[in-house]
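Keep in mind it's a predicted model, so treat the numbers as computed, not measured. In listed order, ligands and their atoms are each counted from 1.
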Amino acid sequence: MSSAEPTIFERIIAREIPADIVHETDTIIAFRDIAPQAPVHLLVVPKTSRYRDVAELAAGDPALLAEVVATAQLLATEHADGHFRLIFNTGANAGQTVFHVHAHVLAGGLTEGSLAH
Ligand code: AMP
């Protein structure tokens, strides 16, 4: 559920702070990561703030998780060659900094093996 302190992604969804939005539906928003780690680095974010991470989303709304994956595929096709790497940092010790579930979509000239080690 929503906490008292909205995350940065809730503020982007509410248009309180700007983002380079590339895709939006009733349930999902996608925008460019402010600190890109690949030629194409997008964040696919369910609009609901009910789920902190992908494990909660998978347990609570698998259809919405499938929508996140389908959106990643669509955006990788629109912005690159259709090939993509999908990353869900899950937990602070794994590098998660925003506790509103989101997928990183990396695409376009990925170096073989980068992020795989
Ligand atoms: P994570 O570390 O997996 O929680 O990912 C959070 C991501 O959000 C990081 O890659 C940040 O660069 C990105 N980020 C933080 N603030 C913004 C913002 N205002 N607009 C776009 N991306 C952001």
| task | Could you walk me through whether Phe9 and Ile17 pass side chain to side chain contact (heavy atoms under 4.5 Å, CB included), step by step? | result | CA-CA 9 Å; Phe9 293 166; Ile17 59 169; over 6 Å; no
| request: Show your working on side chain to side chain contact (heavy atoms under 4.5 Å, CB included) between Leu42 and Asp33 and close with a plain yes or no. | output: CA-CA 5 Å; Leu42 305 173; Asp33 196 293; over 6 Å; no
I'd like a table of the close N/O pairs between ligand 1 and the protein (anything under 3.5 Å), one pair per line with both atom names and the distance.
unit_1, atom_1, unit_2, atom_2, d
ligand 1, 2 (O), Gly95, O, 2.8
ligand 1, 2 (O), Thr97, N, 3.4
ligand 1, 2 (O), Thr97, OG1, 3.0
ligand 1, 3 (O), Asn89, ND2, 2.9
ligand 1, 3 (O), His102, NE2, 2.9
ligand 1, 3 (O), His104, NE2, 2.8
ligand 1, 4 (O), Thr97, N, 2.7
ligand 1, 4 (O), Thr97, OG1, 3.2
ligand 1, 4 (O), Val98, N, 2.9
ligand 1, 4 (O), His102, NE2, 3.1
ligand 1, 5 (O), His102, NE2, 3.1
ligand 1, 5 (O), His104, NE2, 3.2
ligand 1, 10 (O), Asp33, OD1, 3.3
ligand 1, 10 (O), Asp33, OD2, 2.5
ligand 1, 12 (O), Asp33, OD1, 2.6
ligand 1, 22 (N), Ile34, N, 3.2

| message | Does Asp20 have more than 12 heavy atoms from other residues, nucleotides or ligands lying within 6.0 Å of its CG? | response | yes
Identify all side-chain donor-acceptor contacts of residues 98-108 below 3.5 Å with residues at least two apart in sequence or on another chain.
unit_1, atom_1, unit_2, atom_2, d
His100, NE2, Pro46, O, 2.7
His100, NE2, Thr48, O, 3.1
His102, ND1, His100, O, 2.8
His104, ND1, His41, NE2, 2.9

| query | Between Glu24 and Lys47, does at least one N-O distance fall below 4.0 Å, as a salt bridge requires? | reply | yes
| request: Would you kindly say whether Thr27 and Glu67 are connected by a side-chain donor-acceptor distance under 3.5 Å? | output: yes
